[in-house]
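In this chain, numbering begins with 1 at the start of the sequence shown.
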Amino acid sequence: MRPFERRLITLCGVALLAAAPARALAIGAEEDAKTLFARGRELRSAGQCDQAVIAFRSALEIYPEGLGALRNIAECEEELGRYASARRDWWDLRRAALQSNEAKYAGWNEDAEARYRALGSKVGTLTVRLRGAEGRPPVQVVLDGKPLDPRLLGVELERDLGAHTIELFYGGAAPISERAELTPGARRVVTLNVPAPLPARDALSGPSASAPAPPSSGVRVGGYVALGVGGASAIATVVALAVRANALSAVEDGCSPAGGGAYECPPSLQGDYDTGKTASTLAGVFAGVGLVGIGAGVTLLLLSPSETASPAPGKPAAAELSLTPSPGGLGSRLLVRF
């Protein structure tokens, strides 16, 4: 025997050994499928098509070449009134029969196509549409508990007769739900409206920063300004009185009485005298401005209602201005209570 012949025989033997387990598995799968198929036939004969479909499905999954299981599934679904499911299975059977080389399946493609067309008038269709989804974050539509491919929105879908639930998940607390009842030959269209987005939380919590101020705010600002001017004038009055007091003290110490309230002063104290006279004049001016400013400010604040808090119970808003004599002139006291 030539070396080439020996190699060829060896390769053939290896191929046969490798194919043996696969063939054994195929034979085992076919036997299991036959057992399930027989169980499905028993259930169908007993009028239990629901359970029979389960057995036939299992047999078809184990051994897809067994087209008898697929034909029984289509016939059971037709008996149960699941016309849309039956049409899909009849069409699958037509395609599988055309691809099969088994003589026992000859003509099955024609039978499947005939049954497919005969059920066309009994099938109900459902079309799901969305309104208001443009420019919004993606939403999800769930049909009978299963997500619906977005490409099928607006497409007429064949569905079995009975009630169907359509849910729209758009990010809200709960989905929008609709129910559609399909009858033989019905063409149902369900339009789901996507709710408008909720306003921002900040816009709901209070007025925006750019909101116009209430009319009373201008009066209150004027009152605060007047009080500020009055307070500054009061401080200036105190300073002027202090300067006047220092100048008066220097004049009294360096001058001698000349009778009739007059003093004889050396020329060197003329500057102190002029300073004291000017400070006395300024003290009077500042005191007048301070009294007017404080009085106007208190009046404006009392006329403007409070924006933040109401007066405490038993303590109404009030202001008290009193004038008292003092060693340096006329003193004032302002008591404001809000």
Are [X] and [Y] side-chain neighbours, meaning at least one heavy-atom pair lies under 4.5 Å?
{"X": "Arg87", "Y": "Val123", "answer": "yes"}
{"X": "Ser177", "Y": "Thr165", "answer": "yes"}
{"X": "Leu126", "Y": "Val189", "answer": "no"}
{"X": "Leu36", "Y": "Phe56", "answer": "no"}

With sequence neighbours excluded, what pairs up with [X] under the side-chain contact (heavy atoms from CB on, under 4.5 Å) test?
{"X": "Glu181", "value": "Ala163"}
{"X": "Pro150", "value": "none"}
{"X": "Leu130", "value": "Ala133, Val139, Val141, Leu153, Leu168, Leu192"}

Are Val190 and Val142 in one and the same hydrophobic cluster, where Ile, Leu, Val, Met, Phe, Trp and Tyr link if side-chain heavy atoms are under 4.5 Å apart?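 No: no chain of side-chain contacts under 4.5 Å links Val190 to Val142.
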
Not counting sequence neighbours, which residues clear ring pair (Phe, Tyr, Trp, His ring centres under 6.0 Å) with Tyr170? List them please.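 Per chain and number, Tyr170 pairs via ring pair (Phe, Tyr, Trp, His ring centres under 6.0 Å) with no residue.
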
Atom [atom1] of [X] and atom [atom2] of [Y]: how far apart are they, to the nearest 0.5 Å?
{"X": "Glu30", "Y": "Tyr63", "atom1": "CD", "atom2": "OH", "value": "4.0 Å"}
{"X": "Leu143", "Y": "Leu152", "atom1": "CG", "atom2": "CG", "value": "9.5 Å"}
{"X": "Asp89", "Y": "Arg115", "atom1": "CG", "atom2": "CZ", "value": "13.5 Å"}
{"X": "Arg82", "Y": "Arg159", "atom1": "CZ", "atom2": "CZ", "value": "14.0 Å"}
{"X": "Glu158", "Y": "Leu182", "atom1": "CD", "atom2": "CG", "value": "11.0 Å"}
{"X": "Thr127", "Y": "Arg129", "atom1": "OG1", "atom2": "CZ", "value": "6.0 Å"}

Can you name the salt bridge (Lys or Arg N to Asp or Glu O under 4.0 Å) partners of Arg151, sequence neighbours left out?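 By the salt bridge (Lys or Arg N to Asp or Glu O under 4.0 Å) rule, Arg151 matches Asp149.
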
Notebook entry, point to check: What residues form a salt bridge (Lys or Arg N to Asp or Glu O under 4.0 Å) with Glu156, not counting sequence neighbours?
Noted result: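 Once residues adjacent in sequence are excluded, the partners of Glu156 under the salt bridge (Lys or Arg N to Asp or Glu O under 4.0 Å) criterion are Arg187.
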
Ala96 and Leu67: which non-hydrogen atoms are nearest, and at how many Å?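 Closest heavy-atom pair between Ala96 and Leu67: CB-CD2, 3.7 Å.
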
query = What's the shortest heavy-atom distance between Glu78 and Trp90, and which atoms?
reply =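 Closest approach of Glu78 to Trp90, heavy atoms only: OE1-NE1, 3.2 Å.
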
Do any side-chain atoms of residues 69-77 form donor-acceptor pairs under 3.5 angstrom with protein atoms, and if so which ones, sequence neighbours left out?
| unit_1 | atom_1 | unit_2 | atom_2 | d |
| --- | --- | --- | --- | --- |
| Arg71 | NE | Glu75 | OE2 | 3.4 |
| Asn72 | OD1 | Arg41 | NH1 | 2.7 |
| Asn72 | OD1 | Arg44 | NH1 | 2.8 |
| Asn72 | ND2 | Gly68 | O | 2.8 |
| Glu75 | OE1 | Arg44 | NH1 | 2.7 |
| Glu75 | OE1 | Arg44 | NH2 | 3.1 |
| Glu77 | OE1 | Ala86 | N | 3.4 |
| Glu77 | OE2 | Arg57 | NH2 | 3.3 |

| request: Any ring-ring contact (aromatic ring centres under 6.0 Å, His included) involving residues 134-164? Give me the pairs, sequence neighbours left out, ordered by first then second residue. | output: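 Of all non-adjacent pairs touching residues 134-164, none passes ring-ring contact (aromatic ring centres under 6.0 Å, His included).
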
- Could you give all pairs that pass the ring-ring contact (aromatic ring centres under 6.0 Å, His included) test and reach residues 101-159, with sequence neighbours left out?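 Residue pairs with at least one partner in residues 101-159: Trp91-Tyr116, Tyr105-Trp108.
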
- Message: For Ala97, is there any backbone N or O sitting under 3.5 Å from a side-chain donor or acceptor partner on Asn109?
- Response: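 Side chain of Asn109 to backbone of Ala97, a donor-acceptor pair under 3.5 Å: no, none is there.
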
Exercise for review: Just jot down the side-chain hydrogen bond (donor to acceptor under 3.5 Å, both in side chains) partners of Glu113, sequence neighbours excluded, or say none.
Suggested key: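 Checked Glu113 against side-chain hydrogen bond (donor to acceptor under 3.5 Å, both in side chains); matches are Arg94, Arg117.
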
inquiry  = So, using side-chain hydrogen bond (donor to acceptor under 3.5 Å, both in side chains) as the criterion, who are the partners of Ser85 when residues are at least two apart?
reply    =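 Per chain and number, Ser85 pairs via side-chain hydrogen bond (donor to acceptor under 3.5 Å, both in side chains) with Arg88, Asp160.
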
Side-chain heavy atoms under 4.5 Å apart, restricted to Ile/Leu/Val/Met/Phe/Trp/Tyr: what other residues fall into the cluster of Leu43, or is it alone?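 Besides Leu43, the hydrophobic cluster comprises nothing; the residue is isolated.
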
query: Going through the distances and angles, do Leu148 and Leu157 end up as a side-chain contact (heavy atoms from CB on, under 4.5 Å)?
result: CA-CA 11 Å; Leu148 183 65; Leu157 306 174; 3.9 Å; yes

